[in-house]
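Have a look at the structure below before the remarks.
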Amino acid sequence: MKIGVFICHCGSNIAGTVDVAKVAEEVGKLPDVAYSTDTMYACSEPGQEGIIQAIKDHNLDGVVVASCTPRMHEPTFRRTVERAGLNRYMFEMANIREHVSWIGKDKESNTQKAVDLASIAVAKLTQDRPLIAKKFGVNKRVMVIGGGVAGIQAALDCADGGLEVVLVEKTATIGGKMAKLDKTFPTVDCSSCILGPKMVDVAQHPNITLYANAEVDSVKGYVGNFEVAVKKKATYVDWTACTGCGLCTEKCPSKKATDYFNEKIATTTAISIAFPQAIPKKASIDPEYCIKITKDKCGVCEKLCPTKAIRYDMQDETVIEPVGAIIAATGYDLFDYTRYGEYGGGRYPDVITSLQYERILSASGPMAGHIKRPSDGKEPKNVVFVQCVGSRDKSVDRPYCSGFCCMYTAKQAIQTKDHLPDSQTYVFYMDIRAPGKMYDEFTRRAMEEYGARYIRGRVAMIYPKGDKYIVRGADTLAGTQVEVEADLVVLAVGAEAAKGASNLAEKLRISYDKYGFYMESHVKLRPVETNTAGVFLAGSCQGPKDIPSSVAQGSAAASKVLGLFSKDELESDPQVASVDIKRCVGCGKCIETCPFGAIEETDFRGEPKANVIETVCQGCGVCTSTCPQGAIQLQHFTDNQILAEVNALCQQPLVTSFE
Amino acid sequence: MSAAPGNELRIIGFLCNWCSYGGADTAGVGRMTQPTDLRIIRVPCSGRIDPLFVLKALVNGADGVLVSGCHPRDCHYAEGNFYARRRLEVLKRFLQVLGIDERRFEYTWVSASEGQRWQEVVQKFTERIHELGPAPKITPDQMAMAETMAAQPR
Amino acid sequence: MSSSPTYAYYPGCSGQGTSLEYETSSRAVCEALGVVLHDIPDWSCCGSTPAHTVDHVLSAALSARNLAQAETLTGVEGIATPCPSCLTNLKTAGRRMLDPQFKERVNSLLDTPVKQPLPAKSVLQVLFEDVGPAALKERVVKPLAGLKVAPYYGCILNRPPEVMEFDDCENPIAMDRLLEALGAEVVPFPLKVECCGASFGMPRKDMVMRLSGKLLDVAEDNGAMAMATACPLCQMNLDLRQSQINATSGKQHNMPVFYYTQLIGLALGLDKRLLGLNKLCVNPKAALQAAEQATAGAA
Amino acid sequence: MHTINLTESFDGDFVRKIECESEQNVSLCYQCGNCTAGCPYTFAYDIPVSQVMRLLQAGQKRTLLSCKSLWLCATCESCTTRCPNNIDVARIMDVLRHEARRQGYGSERSVKVFWDTFLDSVKRHGRVFEMGLAVEYIARTGRFWTDLELGPAMLSKGKLAFKPHSIQGQAEVEKIFERFQQQKEQCA
Ligand SMILES: Cc1cc2nc3c(=O)[nH]c(=O)nc-3n(C[C@H](O)[C@H](O)[C@H](O)COP(=O)(O)OP(=O)(O)OC[C@H]3O[C@@H](n4cnc5c(N)ncnc54)[C@H](O)[C@@H]3O)c2cc1C
Ligand SMILES: Cc1cc2nc3c(=O)[nH]c(=O)nc-3n(C[C@H](O)[C@H](O)[C@H](O)COP(=O)(O)OP(=O)(O)OC[C@H]3O[C@@H](n4cnc5c(N)ncnc54)[C@H](O)[C@@H]3O)c2cc1C
Ligand code: SF4
Ligand code: SF4
Ligand code: SF4
Ligand code: SF4
Ligand code: SF4
Ligand code: SF4
Ligand code: SF4
Ligand code: SF4
């Protein structure tokens with residue numbers, strides 16, 4: 001076999017701590033290596049051209065590139081060798097950047113390690129066989145999970161692009177956090193005026209099926225052909241009949257139900273519609289508070305409802321939706337600030353969260369847009385904002401910046417002054433993070449035009465004094481301790497992953513970071529893709545994001561889906577399992593263990609044999625390690641290929657071979 | 001931290017592509033310095049790791065073998081890591097029978113975001129192998145036994 | 001519980017002098033509630049704050065001598081002490097001696113080395129965890145109904161939480177629950193863990209005046225007729241120095257400052273001589289009578 | 001105000017020593033000020049505790065060792081409990097004090113003398129002898145006892161003993177102090 005080896009410098013990234021010329025020289029001595037060289041930037045145009053030229057000049061059968069992680073550029077180089085006429089699986093990569101030059105300081109050891117890694121790649125390549133991808137059909141429907149602004153944008157873009165969309169929202173209405181906001185930065189325009197029409201579009205779009213009050217139960221299949229089971233949670237109201245007239249909510253005698261939409265600063269009725277602009281505008285019953293359901297009394301709503309929509313005995317229902325791609329847009333939730341005992345730990349009624357403040361500010365909120373203290377309904381004079389609560393704080397395991405709270409705090413300070421011209425606002429901050437168009441100007445306006453007093457320092461404690469609160473912080477610029485007497489304290493609580501996000505990730509088989517935010521395929525190059533083909537990300541489920549970024553990501557995810565669906569057939573990955581009929585004894589062990597049900601039993605001249613359904617096989621290789629006969633082999637990761645790598649690393653010869 | 005050049009021991013890592021290989025990449029991107037002894041072989045899933053690979057490596061001169069996959073419940077292939085775990089547990093007992101110090105073999109879980117965890121895993125395992133020192137040569141008896149085991153249906 | 005909770009007891013120096021009444025009432029209450037205390041034989045001073053301002057090994061060694069002395073006792077599950085400052089030193093020493101090197105350094109200063117440091121607890125923790133508010137409530141013969149009391153824990157009884165490992169570090173509630181079990185009315189007191197001025201009474205009286213003065217102000221603002229403390233220094237700053245505080249601030253505080261053990265003893269009907277109410281500088285009679293009348297009036 | 005030449009006056013050995021003795025990483029501090037905000041003694045400090053942290057990062061040995069704040073810190077643990085970066089700030093204050101003592105600083109004399117007198121009392125008796133402590137303290141500072149009016153109250157309540165509570169193991173305790181003098185510094 002004639003193998004070509006290319007050792008990449010990656011500028012100084014690799015060459016800085018690895019003697020690349022030496023590596024090329026050493027690897028060049030291996031028996032099957034016909035050509036070995038180092039190259040400045042293997043992935044660049046001249047780099048790729050060099051590879052193609054070498055394949056032609058030296059009549060190579062396969063290529064090894066020792067450079068960065070294959071998780072980044074393997075597809076790139078596969079295309080390169082294909083352009084030179086080789087099969088794309090006659091290519092191997094050795095990771096001498098992430099696994100060598102970036103983590104080892106000693107050049108000599110690094111160089112030796114790089115030689116070893118390149119050598120195992122060569123060993124593997126000697127066992128590689130050409131593989132041909134098959135084509136399969138695509139179901140051009142897409143599911144969007146989460147109906148916040150990011151999910152809405154993605155759903156609308158996909159639907160406008162002609163795709164059938166299934167939108168699944170956990171709560172009774174779409175809109176997400178944005179629906180709860182009063183105004184939005186940096187323009188301070190009304191949130192519902194921007195979001196409202198989009199929500200209506202969702203409701204009216206012929207291509208969109210909306211399941212509100214629903215969650216994903218399970219996900220089967222693979223890109224192009226997923227099957228998603230969606231659990232529609234019981235609402236106790238038949239939504240096909242309910243017209244959203246609201247009669248029931250007016251008369252329901254159970255008025256102490258938790259009002260989640262209003263962030264618990266108010267209560268609502270047991271049967272309720274989240275808010276007047278809710279989509280879908282349908283009533284649902286909170287079974288915990290319904291007197292009929294808990295005590296078998298009342299039944300008022302059933303009697304009243306003009307369309308006879310009430311169903312006290314409604315059960316959860318599961319529907320199966322076949323789709324070809326999935327966009328996760330499950331957003332974020334707020335940090336539980338009651339973990340801060342020094343801020344009262346939830347004991348002080350006038351120490352509230354920023355999102356509660358949005359509901360107070362909102363004209364359609366429980367206080368009809370008049371700023372009043374939750375405790376006594378009085379208008380506050382001094383309003384203190386505390387930033388970075390549950391963000392940038394290692395002691396509560398939230399070391400990251402939530403990104404948008406500096407901005408919304410400035411917004412809320414401005415709005416406070418607008419609502420209450422006699423008020424005085426104070427903002428305790430550590431840094432102001434406002435990197436966007438018109439963002440910094442915005443926070444400056446809060447100070448310069450609206451008189452917000454910004455104090456650089458954290459707050460150590462808040463405690464009541466009479467009917468006020470003493471906020472004790474530091475002014476680190478002045479180098480002093482400071483105290484403010486506040487009537488109302490608003491905590492700019494940070495964002496964390498939505499509740500249940502990791503659970504959903506496991507169903508979707510995508511990765512998440514230690515905080516529950518979903519991992520993109522590559523931070524810079526593939527920001528809305530995941531490592532699972534056909535699953536995309538939009539909005540703050542990937543990390544805290546403001547509305548402009550969430551919307552941009554929603555559109556980006558939609559364009560990725562539209563791009564994927566622009567082909568009628570997809571190429572399957574040929575790295576699937578394959579059965580050697582002669583060796584298979586039909587024991588069925590592989591059938592039992594395959595997590596995807598990709599192996600079936602067939603009859604071969606009267607004998608049972610295993611057969612792999614190639615489109616279903618995901619290429620995990622579990623079957624290969626299971627088969628007692630070595631009969632089922634995962635292509636490109638066969639026993640012999642892996643053993644060749646092991647062999648290359650070990651001094652002694654192998655004891656047994658599988659063949 | 002890393003063994004002096006020339007003093008390295010042979011440590012082989014089998015890492016699943018989705019989680020641990022990604023975790024090792026993340027450690028690299030974060031420039032998290034590690035000892036240089038370890039060489040990584042990439043496999044699609046920890047479920048692909050045949051205990052025989054580990055056995056062969058140890059019998060043929062590796063001083064340590066580290067297997068790392070996705071966290072339980074977090075497997076890219078749903079449950080491959082669950083199979084891996086079962087098999088590798090059995091392997092540990094095999095090693096004892098063979099007279100190979102089972103501390104030379106370890107399996108662990110590291111996710112793609114856990115660069116720092118990966119760094120710690122490599123650090124600790126390498127330290128352990130250095131404490132154990134170079135693996136003693138495998139005797140012909142052991143070799144024969146390994147061969148018998150390798151030939152056993154799994 | 002089958003056998004009584006049994007502890008090695010470390011009284012601390014102030015119990016021999018300035019906080020005699022804390023010492024006697026703690027012992028009396030423990031005895032009444034079935035907590036067995038065995039004095040650490042020939043215990044010595046833990047060095048308090050001054051020692052750890054010199055060096056941590058020295059400070060740990062002064063505590064460690066007592067840890068070693070405690071190891072001579074059998075059948076104890078740990079060390080109990082009424083004093084938060086002693087407790088901090090005992091716990092910090094024990095914790096840092098988990099590091100073999102540190103332990104080595106400490107032991108090299110001692111005649112008798114420490115083998116395995118015993119865990120240390122405050123008497124408050126023992127009463128809260130081993131007896132508990134519910135059991136305490138059953139034993140009350142003279143409820144303190146009507147007594148509005150501000151519970152003050154002091155700065156180091158619960159902090160830092162990684163070391164003290166008891167109750168909440170911002171809003172502890174153990175003493176609250178015990179006092180409530182006595183029938184007392186616990187008023188909200190937001191400065192439960194704020195420092196009183198500590199041992200600066202002699203060298204920097206001004207600081208104590210200010211910090212303890214603020215505690216008295218806030219307790220009074222919240223309707224307290226009395227304060228309850230769990231620390232000899234806190235009690236001394238608030239009680240003994242209350243007249244000085246009044247003189248400095250021009251205020252007229254007349255706030256009795258009890259040890260919480262005195263209040264428990266009162267409610268359990270224990271021998272008054274052991275409770276040492278006569279040792280308090282601000283006379284508690286008026287407050288106790290007012291409380292009694294309030295309940296009598298209500299009944 | 002004077003200009004600090006950061007390159008010249010940065011004392012790396014000092015920073016390393018404090019980090020080693022306190023087992024803390026001072027670069028974790030991002031200057032949020034929470035420690036200063038919570039410290040009950042900020043009003044009395046010449047340098048607030050967050051600035052102590054800042055000056056430590058900047059390796060400003062002399063400014064730090066001579067500052068009064070070190071002696072006014074009561075080790076109340078407020079800073080340590082609330083630091084968002086889990087820095088044991090109180091321990092750093094303690095360790096700075098240790099170093100200040102070693103280098104002969106003691107900018108708040110009244111406090112330092114009080115502590116020293118306290119320890120002498122422990123060394124001499126095995127337990128603190130409060131009356132003796134007070135008398136000795138007055139003698140050393142030359143300050144007429146500001147608490148004189150408290151004396152009668154304490155005496156009448158039986159809270160001040162005239163005789164020390166000596167213990168059998170007094171010599172053992174004394175040896176602790178003596179051996180400590182001989183011990184080598186850990187992070188020198
Ligand atoms: C107080 C405050 C003020 C703000 N002000 C502004 C501002 O003025 N301007 C600005 O640009 N940004 C602002 N933001 C940020 C803004 O809220 C976010 O940028 C935006 O909401 C992100 O949208 P999203 O769709 O990604 O997530 P979300 O709005 O969180 O939407 C996620 C949706 O997914 C649903 N969901 C979650 N889990 C599941 C599941 N498992 N299955 C199905 N559905 C699920 C949720 O119910 C929700 O409807 C503010 C944030 C706060 C806290
Ligand atoms: C010093 C420095 C360091 C940085 N480091 C990082 C970093 O580490 N990480 C990071 O994420 N970002 C970094 N950035 C930011 C990064 O450079 C930008 O995010 C990125 O380059 C933006 O890409 P772009 O395609 O939008 O614009 P550009 O890179 O500016 O590309 C615009 C292209 O359009 C061409 N062009 C302009 N006008 C015309 C015209 N009229 N007709 C045709 N062509 C036109 C230009 O020639 C140019 O090729 C850094 C920036 C600077 C200045
Ligand atoms: S191939 Fe990888 S290592 Fe080489 S230059 Fe490109 S990015 Fe760098
Ligand atoms: S359930 Fe009936 S009454 Fe209630 S909103 Fe719907 S249609 Fe109206
Ligand atoms: S039956 Fe339930 S939901 Fe309907 S009106 Fe009565 S309490 Fe409300
Ligand atoms: S955006 Fe501002 S307030 Fe929010 S975490 Fe970042 S710095 Fe803190
Ligand atoms: S496990 Fe192997 S032998 Fe058994 S059925 Fe599957 S392929 Fe055939
Ligand atoms: S590799 Fe084997 S076990 Fe894995 S999906 Fe394919 S057939 Fe199933
Ligand atoms: S609280 Fe911690 S991070 Fe903040 S200034 Fe103080 S030491 Fe630094
Ligand atoms: S420990 Fe010292 S520096 Fe820290 S808050 Fe208390 S008195 Fe201030």
Side-chain angles (χ1 to χ4, degrees), chain A residues 69-72 95 97-110 112-113 116-117 120 124 502 505-506 509-514 519 531-532 575 589 593 595-596 618-622 624-629 634 636-637 639 642-643 645-647 649-656, chain B residues 2-3 5-6 8 10 12 14 17-19 21-22 24-29 31-36 39-45 47-53 56-57 59-62 70 73-80 83-84 87 111-114 119 138 143 146-147 150-151 153-154:
Chain A
T69 173
R71 284 160 52 96
M72 176 141 117
N95 184 350
R97 193 177 73 173
E98 282 82 350
H99 293 188
V100 180
S101 69
W102 278 351
I103 58 165
K105 290 207 174 101
D106 182 72
K107 195 159 185 171
E108 201 181 309
S109 308
N110 280 355
Q112 186 51 47
K113 186 172 175 185
D116 282 358
L117 292 184
I120 66 170
K124 163 118 194 279
S502 49
E506 282 154 17
R509 282 179 277 117
I510 59 177
S511 312
Y512 52 92
D513 66 19
K514 69 183 277 211
M519 296 258 297
N531 277 331
T532 297
Q575 300 178 75
K589 292 218 166 80
T593 49
F596 301 95
Q618 297 295 297
C620 65
V622 168
T624 310
S625 325
T626 306
C627 175
Q629 307 298 323
L634 174 61
H636 214 61
F637 288 97
D639 286 337
I642 296 173
L643 283 172
E645 294 179 88
V646 175
N647 206 11
L649 277 176
C650 297
Q651 293 93 338
Q652 298 186 31
L654 267 183
V655 192
T656 37
Chain B
S2 84
E8 271 180 13
R10 267 281 169 255
I12 302 186
F14 293 96
N17 179 48
W18 302 100
C19 297
Y21 197 91
D25 281 355
T26 305
V29 172
R31 310 298 198 276
M32 298 173 184
T33 318
Q34 298 155 41
T36 48
R39 276 93 175 106
I40 293 170
I41 293 177
R42 181 168 69 128
V43 291
C45 170
R48 174 64 193 95
I49 298 164
D50 197 314
L52 271 176
F53 300 160
K56 300 245 166 188
V59 167
N60 289 317
C70 311
R73 299 191 307 131
D74 194 13
C75 175
H76 184 78
Y77 300 104
E79 47 193 354
Y83 288 107
R87 288 193 193 114
S111 80
S113 66
E114 294 175 324
Q119 180 190 34
I138 299 292
M143 198 80 103
E147 279 205 62
R154 278 152 268 165

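In the text below, chain A, chain B and the rest are named by the order of the sequence lines, each starting its count at 1.
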Exercise for the section: Sort Asn531(A) into side chain, backbone, both or neither according to what part of it lies under 4.5 angstrom from a heavy atom of chain B. Expected result: both

Problem - Residue part contacting chain A, namely of Ala27(B), when any heavy atom lies under 4.5 Å - result: backbone

Problem - Heavy-atom pair count under 4.5 Å with chain B, highest-scoring of Arg71(A), Met72(A), Glu98(A), His636(A) - result: Arg71(A)

Problem - Side chain, backbone, both or neither of Arg42(B) within contact of chain A (heavy atoms, under 4.5 Å) - result: both

Problem - Residue, of Val100(A), Ile120(A), Thr593(A), Asn110(A), that accumulates the most heavy atom pairs under 4.5 Å with chain B - result: Thr593(A)

Exercise for the section: Heavy-atom distances under 4.5 Å only: say whether Tyr21(B) touches chain A with side chain, backbone, both or neither. Expected result: both

Handout entry: Arg87(B) side-chain N/O to Gly47(B) backbone N/O, donor-acceptor pair under 3.5 Å
Key = yes

Exercise for the section: With rounding to the nearest 0.5 Å, note down the distance linking CZ in Arg39(B) to CG in Asn95(A). Expected result: 13.0 Å

Problem - Top contributor to chain A contacts, counting heavy-atom pairs under 4.5 Å, from Ser111(B), Cys19(B), Gly22(B) - result: Gly22(B)

Completion exercise
Contacts of Arg97(A) meeting salt bridge (charged side-chain N to carboxylate O under 4.0 Å, His left out) (sequence neighbours excluded), chain-then-number -> none

Handout entry: Ionic contact status for Asp106(A) with Lys113(A), cut-off 4.0 Å
Key = no

Exercise for the section: Heavy atoms only, distances under 4.5 angstrom: which of Thr26(B), Val43(B), Ile12(B), Ile40(B) has the most pairs with chain A? Name it, please. Expected result: Ile40(B)

Practice task
Mind ranking Pro44(B), Cys70(B), Cys45(B) by heavy-atom pairs under 4.5 Å with chain A and telling me who comes out on top?
Solution key: Pro44(B)

Exercise for the section: Using the test side chain to side chain contact (heavy atoms under 4.5 Å, CB included), find all partners of Asp513(A) that sit at least two apart in sequence or belong to another chain. Expected result: Tyr515(A), Phe517(A), Met519(A), Ser113(B)

Problem - Donor-acceptor under 3.5 Å (Thr36(B) side chain, Gly104(A) main chain) - result: no

Practice task
Return yes if some donor-acceptor pair links the side-chain N/O of Arg10(B) with the main-chain N/O of Gly61(B) below 3.5 Å, else return no.
Solution key: no

Handout entry: Region of Gln575(A) that comes under 4.5 Å of a non-hydrogen atom in chain B
Key = neither

